[in-house]
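Below you'll find the structure, written out as structure tokens, and then a few comments.
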Amino acid sequence: MNAADAGTWTLGDRVVNRLGFGSMRLTGNPDPQVPIGVLRRATELGVNHIDTATYYFDAHYATELIRAALSPYPDNLVITTKVGFFRDDAGDWHEDRSVQGLREQVEDNLRRLGRDHLDVVNLRIIKRPGRDSIAESFGALADLRAEGLIRHLGISNVRVDHLDEAQAIAPVVCVQNNYAIDNRADDELLRVCGSRGVAYVPFFAIAGSAREGGATTDHSEAVAAVAAERHLSPHQVRLAWTLHQGDHVLAIPGTSDPAHLEQNVAVAGIRFTDAELARLAG
Ligand SMILES: NC(=O)c1ccc[n+]([C@@H]2O[C@H](COP(=O)([O-])OP(=O)(O)OC[C@H]3O[C@@H](n4cnc5c(N)ncnc54)[C@H](OP(=O)(O)O)[C@@H]3O)[C@@H](O)[C@H]2O)c1
């Protein structure tokens, strides 16, 4: 069992295994050794693409756990982070896509991760149709990229017109959006990303409609049936389904549970038949 079993994708000039890891769920345990152990085990199992953000913090900062677990970083590790928001010391969320705010958020990521540049930075936005241009803020990140602080850029929580806007400014290596077998609003964006050579990175593939609340228990009959036949969990079927939506789709399942980590990495080796995919699509 290895994350490489899912195959690879190239983000700019960085090759990653398509089965990666999301760090959002790591921060709640007061004992940092538990999430540190999960991160180290993930990399032992071949995970070399980790998603994070400095606003992932509770008992600990996800970025600082990553540094404690994995620094000095192996050359093949790609850490993707997100800016556009920050949380203050009280934990309250603030959107800040100003030029200065984005620079400060990039510098905060550099400091907490202990790096001199960031591999991939996603501009994370809130969609407000008609008044949510990303040109100015994406341009600010393109300037930080030109300065050498960022290697590659992505965008998150976006539509096709945001991708158009961003690609007119600088190369985009990934789009990170909410997408799952029972949340198909992004089917077209996923296809467009594939046609443009841009990675599509779904979040909440396992959580589904439960979102921040944790893994969904609301499984379709088809998901439950395929899971039972294959001796998989429904959550593994949900995750595996995403990897079947295109070679450019990268998984970043989040977990703080070592057993779930192993189950999620095992998904890298699952190949559904066309008949199974048709049932799942139905
Ligand atoms: N761009 C954005 O706006 C955005 C938003 C949200 C998240 N993200 C990123 O996307 C990543 C993925 O999202 P996510 O972590 O919220 O959702 P997810 O991977 O869809 O689901 C995680 C939830 O499912 C549980 N889980 C994981 N593997 C499981 C398994 N094999 N069996 C049963 N339950 C399982 C986890 O709990 P346990 O800890 O108990 O396993 C956790 O509650 C995040 O970690 C974060 O890096 C990005």
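Identified under the ring pair (Phe, Tyr, Trp, His ring centres under 6.0 Å) test for residues 240-282, with sequence neighbours left out: Tyr179-Trp241, His244-Phe272. The ring pair (Phe, Tyr, Trp, His ring centres under 6.0 Å) analysis of residues 4-29, with sequence neighbours excluded, yields no pairs.
Inspection of the Thr8 and Asn17 side chains reveals no N or O donor paired with an N or O acceptor under 3.5 Å. A side-chain N or O of Thr27 and one of Asp58 form a donor-acceptor pair less than 3.5 Å apart. In this structure, a donor-acceptor pair under 3.5 Å is present between the side chains of His162 and Asp132. Side-chain contact check for Asn177 and Asn157: no donor-acceptor pair (N or O, by modelled atom type) lies under 3.5 Å.
Contact of the Asp5 side chain with the Leu19 side chain is not registered, since no non-hydrogen atoms from C-beta on lie closer than 4.5 Å. Counting heavy atoms from C-beta outward, Glu165 and Ser133 have side chains that approach closer than 4.5 Å. Side-chain contact check for Val192 versus Glu188: some heavy-atom pair is nearer than 4.5 Å. The side-chain heavy atoms of Val173 and Arg14, taken from C-beta on, include no pair separated by under 4.5 Å. The side-chain heavy atoms of Gln176 and Leu250, taken from C-beta on, include no pair separated by under 4.5 Å. Residues Glu262 and Met1 are in side-chain contact: their nearest non-hydrogen atoms beyond the backbone lie under 4.5 Å apart. In this structure, Asp161 and Leu163 have side chains that are not in contact, with every pair of non-hydrogen atoms separated by 4.5 Å or more. Side-chain contact between Arg191 and Tyr200 is absent, with no heavy-atom pair separated by less than 4.5 Å.
Look at Arg97 and Glu136 and you find no salt bridge, because none of the NZ, NE, NH1 or NH2 atoms lies under 4.0 Å from a carboxylate O. Salt bridge present: Glu95 and Arg128 bring a charged side-chain N and a carboxylate O closer than 4.0 Å. Residues Glu64 and Arg67 are not paired through a salt bridge, judged by the lack of any N-O separation under 4.0 Å between the basic side chain and the carboxylate.
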Side chain to side chain contact (heavy atoms under 4.5 Å, CB included), that's the test. Do Ser23 and Ile66 meet it? Break it down for me. CA-CA 8 Å; Ser23 66; Ile66 292 168; 4.1 Å; yes

Start with the C-alpha distance between Asp218 and Thr216, add both sets of side-chain angles, then the distance that settles side chain to side chain donor-acceptor pair (under 3.5 Å), and finish with yes or no. CA-CA 5 Å; Asp218 184 12; Thr216 185; 5.1 Å; no

Step by step, work out the side chain to side chain donor-acceptor pair (under 3.5 Å) result for Gln236 and Asn264. CA-CA 6 Å; Gln236 286 177 299; Asn264 294 345; over 6 Å; no

The test is side chain to side chain contact (heavy atoms under 4.5 Å, CB included); show your working for Leu110 and Asp116 and say whether it passes. CA-CA 6 Å; Leu110 289 168; Asp116 62 5; 5.8 Å; no

Evaluate the salt bridge (charged side-chain N to carboxylate O under 4.0 Å, His left out) criterion for residues Arg196 and Asp164: first the C-alpha distance (whole Å), next the side-chain angles of each, then the deciding distance (0.1 Å), finally the verdict. CA-CA 11 Å; Arg196 297 185 190 181; Asp164 295 338; 2.8 Å; yes

Give the intermediate values and the outcome of side chain to side chain contact (heavy atoms under 4.5 Å, CB included) for residues Val34 and Ile36. CA-CA 5 Å; Val34 178; Ile36 285 172; over 6 Å; no

Given Glu229 and Arg279, is the salt bridge (charged side-chain N to carboxylate O under 4.0 Å, His left out) satisfied, shown in steps? CA-CA 13 Å; Glu229 288 164 21; Arg279 280 166 73 193; 2.9 Å; yes

Can you check side chain to side chain contact (heavy atoms under 4.5 Å, CB included) on Ile252 and His49, steps first, answer last? CA-CA 8 Å; Ile252 50 165; His49 176 217; 4.0 Å; yes

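Relative to the ring axis of Tyr61, Arg112 places its NZ or CZ within 45° and under 6.0 Å from the centre.
The hydrophobic clustering, which links ILVMFWY residues whose side-chain heavy atoms are closer than 4.5 Å, places Val106 and Ile155 together. Hydrophobic clustering of Ile, Leu, Val, Met, Phe, Trp and Tyr side chains at less than 4.5 Å, counting indirect connections, unites Leu277 with Leu232. Placement of Val175 and Leu153 within a single hydrophobic cluster is found when ILVMFWY residues are connected by side-chain heavy-atom separations under 4.5 Å, directly or transitively. Grouping the Ile, Leu, Val, Met, Phe, Trp and Tyr side chains by contacts below 4.5 angstrom, directly or via other members, places Val198 with Ile150. Transitive grouping of hydrophobic side chains (ILVMFWY, heavy atoms separated by less than 4.5 Å) brings Leu141 and Ile134 into a common cluster.
Using cut-offs of 30° and 60° on the angle between ring planes, the pair His94 and Phe86 is parallel.
Residues Gly12 and His152 approach most closely at CA-CE1, 3.5 Å, considering heavy atoms. Across every non-hydrogen atom of Arg238 and Gly208, the tightest pair is NH2-CA, 3.3 Å. Shortest non-hydrogen contact noted between Arg151 and Asp13 is NH2-OD2, 2.9 Å. Closest heavy-atom contact between Gln105 and Asp96: NE2-O, 2.9 Å. Residues Lys82 and Thr52 approach most closely at NZ-O, 2.9 Å, considering heavy atoms. When all heavy atoms are compared, the tightest approach of Arg115 to Ile79 is NH1-CD1, 4.0 Å.
If you take CG on Leu26 and CG on Leu39, they are separated by 5.0 Å, rounding to the nearest 0.5 Å. For the atom pair OG1 of Thr81 and CG of Leu113, the computed distance is 6.5 Å after rounding to the nearest 0.5 Å. The line from CZ of Arg18 to CG of Asn48 is 13.0 Å long, rounded to the nearest 0.5 Å. With values rounded to the nearest 0.5 angstrom, Asp51 atom CG is found 7.0 Å from Asn122 atom CG. Atom-to-atom distance recorded for Thr63:OG1 and Tyr55:OH is 11.5 Å, nearest 0.5 angstrom. We find the CG-CD1 distance between Leu65 and Ile50 to be 11.0 Å, quoted to the nearest 0.5 Å.
Around atom CD of Glu212, more than 12 heavy atoms belonging to other residues, nucleotides or ligands sit under 6.0 Å away. Within a 6.0 Å sphere centred on CG of Asp187, heavy atoms belonging to other residues, nucleotides or ligands number more than 12. In this structure, Asp88 places its CG atom where more than 12 heavy-atom neighbours from other residues, nucleotides or ligands lie under 6.0 Å away.
Looking at Thr255, its side chain does come within 3.5 Å of a backbone N or O of Asp257 through a donor-acceptor pair. A donor-acceptor contact shorter than 3.5 Å links the side chain of His60 to the backbone of Pro30.
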